[in-house]
Engineer: 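Please see the structure below; I have some questions.
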Amino acid sequence: MDRERIVPSGLSAVQARALDLAARAARNYREGLPQQKARPTLSLDEAAGRFLGDLPEAGIPEDEVIEQIVSDAEGGLHKMAGPTFFGYVLGGSHPVGVAADFLVSAWGQNAGTSFETPAVTGMERAVCDWVIDLLSLPPESGAGLVTGGTVANMVGVMAARNALLAAQGWDVEAEGLFGAPEFPVLIGQDAHSAPFAALRYAGLGARRVQRVATDDEGRIDPAAFAAALALCQAPPLVILQAGQINTGAFDPFVDLIPMVHERGGWAHVDGAFGLWLAAVPELAGRLTGVGDADSWAVDLHKWLNAPFDAGMVIVRDRAPLVAAMSARGAYLPDTTAHWEPSDSTPELSRRARGVPSYAILRHLGRAGVRELVARHCRLAERIAKAVSAEPGIGVLNEIHSNQVAIACGEGPDGDALTMRVLRRVQEAGRVYPTHGEWAGRKIIRASAIGYAMHEPDADLLSAEIIAAYRWCLDNPA
Ligand SMILES: *Cc1c(COP(=O)(O)O)cnc(C)c1O
């Protein structure tokens with residue numbers, strides 16, 4: 001045996017150096033963010049080319065690997081963790097969550113079962129308890145910490161599938177979907193793409209769902225919904241939305257969910273980001289009735305700013321959740337409060353994904369969570385007010401939460417102008433919004449959600465959009 005490989009400390013000097021280098025590099029990266037451009041300075045080919053090629057026969061020492069990764073990644077990272085990232089709907093990986101995430105990897109826990117790693121179990125259960133409580137959802141619910149909103153939607157849909165088919169005398173977990181009775185699936189016209197993926201993964205098909213008409217803000221129209229429900233031949237699965245991706249709007253839960261239940265149906269809420277408004281007393285009224293649903297999907301890597309990737313599925317009745325997910329193959333009533341990872345998530349082996357969220361929740365406390373969500377909603381108002389004060393720039397949505405849909409000019413020419421303005425803002429590299437489509441228009445979509453985002457960042461975004469717009473008018477394409 002190679003005696004040099006025997007390392008009494010558990011870590012060789014080179015390995016220890018690798019850990020220290022990584023921690024140092026992580027800190028340097030975050031401290032250096034203000035000086036960085038808002039977007040990568042390298043193209044995909046340039047950046048990816050640094051890593052591609054045949055795997056060399058000989059390896060290299062651990063510390064060198066880390067040094068190389070750090071230097072090769074330079075220019076190829078997006079400033080998503082900074083306060084100037086307004087694209088998509090992404091959290092900024094709160095530093096306390098990042099620090100806790102180091103521990104997750106170092107501890108090397110397989111968090112698939114609760115009894116093998118009791119400390120991790122304690123933290124994950126606290127996250128489930130706290131999030132359910134913050135969002136005013138039923139405390140007895142089952143919950144699973146998953147990779148994000150899409151998987152949380154999938155798990156919710158699979159729990160619904162189990163319950164709705166069981167009510168028709170069919171055990172889907174045993175018999176599968178071949179020959180199963182049918183149930184209708186209803187979803188709003190302006191739903192996110194993720195629930196459609198969830199329906200595909202659950203074998204329910206993305207195209208056979210019935211899309212229900214929505215209003216100008218993307219909210220399901222209760223009359224159209226009642227008409228669609230009346231045609232249902234069996235108790236339906238209904239997918240509602242808390243936070244439309246372009247408008248940030250909420251379906252009228254208080255009207256819709258009782259109708260679903262009257263028909264014996266299951267109401268699932270895709271609340272990836274919007275459900276967090278339920279944690280803010282003065283904003284929670286916008287989601288009245290949401291707590292009466294049967295299942296909810298919410299991201300932790302969006303508004304909670306947990307490092308990627310983290311989401312949560314919450315199911316009022318644990319039994320169908322466990323029946324759908326349990327890797328033990330059969331439903332065993334567990335003794336844990338409201339979850340057992342391998343019984344409520346698709347993974348068996350899994351990262352201790354709740355630990356960073358635990359750290360963030362402990363750091364923020366209830367007041368911090370409320371402040372974060374309320375601040376971003378105010379920033380969205382502020383951006384909408386500032387850009388719409390410029391003649392020729394319009395905001396196409398009411399501000400329901402943290403999303404702003406911005407369009408320049410009118411009609412097809414306006415669409416081209418909007419895209420030019422967006423490109424110019426992105427190329428200037430001081431802020432980074434992304435595009436979308438809303439109300440038949442191409443839009444610049446701004447999402448206020450990063451933990452470090454404050455008034456000056458919102459004002460910088462507005463100023464950049466207005467300056468780019470004026471420049472584009474002065475310099476026709
Ligand atoms: C982001 C988002 C999703 C998907 O969540 P991921 O974490 O990206 O998988 C689903 N629905 C809505 C409304 C979202 O904003």
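One-based numbering, in listed order, for ligands and for the atoms of each. Keep in mind it's a predicted model, so treat the numbers as computed, not measured. Numbering starts at 1 and runs along the sequence shown.
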Engineer: Write out the residue and atom name of the closest protein heavy atom to atom 6 (P) of ligand 1, then the distance separating them to 0.1 Å.
Structural biologist: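 Result: G149 N, 3.4 Å.
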Engineer: State, without any angle test, whether E173 and N162 hold a side-chain donor-acceptor pair at a distance under 3.5 Å.
Structural biologist: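 Per modelled atom types, E173 and N162 side chains form a pair under 3.5 Å.
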Engineer: Any idea which atoms of ligand 1 are less than 4.0 Å away from a heavy-atom of G243?
Structural biologist: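 Checking each atom against G243, I get 13 (C).
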Engineer: When you measure from the side chain of R366 to the backbone of L134, do you find a donor-acceptor pair of N or O atoms at a distance under 3.5 Å?
Structural biologist: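 Here the side-chain-to-backbone pair does not exist.
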Engineer: Of V298, L304, L135, which meets side chain to side chain contact (heavy atoms under 4.5 Å, CB included) against M312?
Structural biologist: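 Filter result, single survivor: V298.
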Engineer: Rounded to the nearest 0.5 Å, what separation is found between the CG atom of D309 and the CG atom of L300?
Structural biologist: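 Nearest 0.5 Å value for the CG-CG distance: 10.5 Å.
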Engineer: How far is atom 13 (C) of ligand 1 from the closest protein heavy atom, and which atom is that?
Structural biologist: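 Closest protein heavy atom to atom 13 (C) of ligand 1: D270 OD2, 3.5 Å.
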Engineer: If we only consider heavy atoms of G311, is any one of them less than 4.0 Å away from an atom in ligand 1?
Structural biologist: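 Judged by the 4.0 Å heavy-atom criterion, G311 does not count as contacting ligand 1.
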Engineer: So which heavy atom in the protein is nearest atom 9 (O) of ligand 1, and how far is it from that ligand atom?
Structural biologist: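 Heavy-atom neighbour on the protein nearest atom 9 (O) of ligand 1: T150 OG1, 2.6 Å.
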Engineer: Can you label the angle between the Y432 ring and the H78 ring as parallel, tilted or perpendicular, going by 30° and 60°?
Structural biologist: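 Taking H78 first and then Y432, their aromatic rings stand perpendicular (interplane angle over 60°).
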Engineer: May I ask you to list the atoms of ligand 1 that are less than 4.0 angstrom from any heavy atom of F273?
Structural biologist: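 Contacts of ligand 1 toward F273, numbered from 1: 15 (O).
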Engineer: Polar-atom distance check: V89 versus ligand 1, any N or O pair below 3.5 Å?
Structural biologist: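 N/O-N/O distance under 3.5 Å: no.
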Engineer: Working to the nearest 0.5 Å, report the span between CD of E262 and CG of L229.
Structural biologist: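 It comes to 9.0 Å.
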Engineer: What is the closest protein heavy atom to atom 1 (C) of ligand 1, and at what distance does it sit?
Structural biologist: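 Closest protein heavy atom to atom 1 (C) of ligand 1: K302 NZ, 1.3 Å.
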Engineer: Is the count of non-hydrogen atoms from other residues, nucleotides or ligands lying under 6.0 Å from R362 atom CZ greater than 12?
Structural biologist: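 It does not: R362 CZ has 12 such atoms or fewer within range.
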Engineer: Is there a polar contact, in the sense of an N or O pair closer than 3.5 Å, between D299 and ligand 1?
Structural biologist: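 It does: an N or O of D299 is found under 3.5 Å from an N or O of ligand 1.
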Engineer: Any donor-acceptor pair under 3.5 Å linking the side-chain atoms of W438 with those of T247?
Structural biologist: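 The answer is no; no qualifying pair exists.
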Engineer: Is it true that Q244 lies under 4.0 Å from ligand 1, counting heavy atoms only?
Structural biologist: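 False for this residue.
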Engineer: Going by the atom numbers of ligand 1, which of them fall below 4.0 Å from some non-hydrogen atom of I245?
Structural biologist: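 By the 4.0 Å cutoff, the relevant atoms are 15 (O).
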Engineer: Need the ligand 1 atom indices (1-based, order shown) with element for anything under 4.0 Å from a heavy-atom of A194.
Structural biologist: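 Close to A194: 3 (C), 4 (C), 10 (C).
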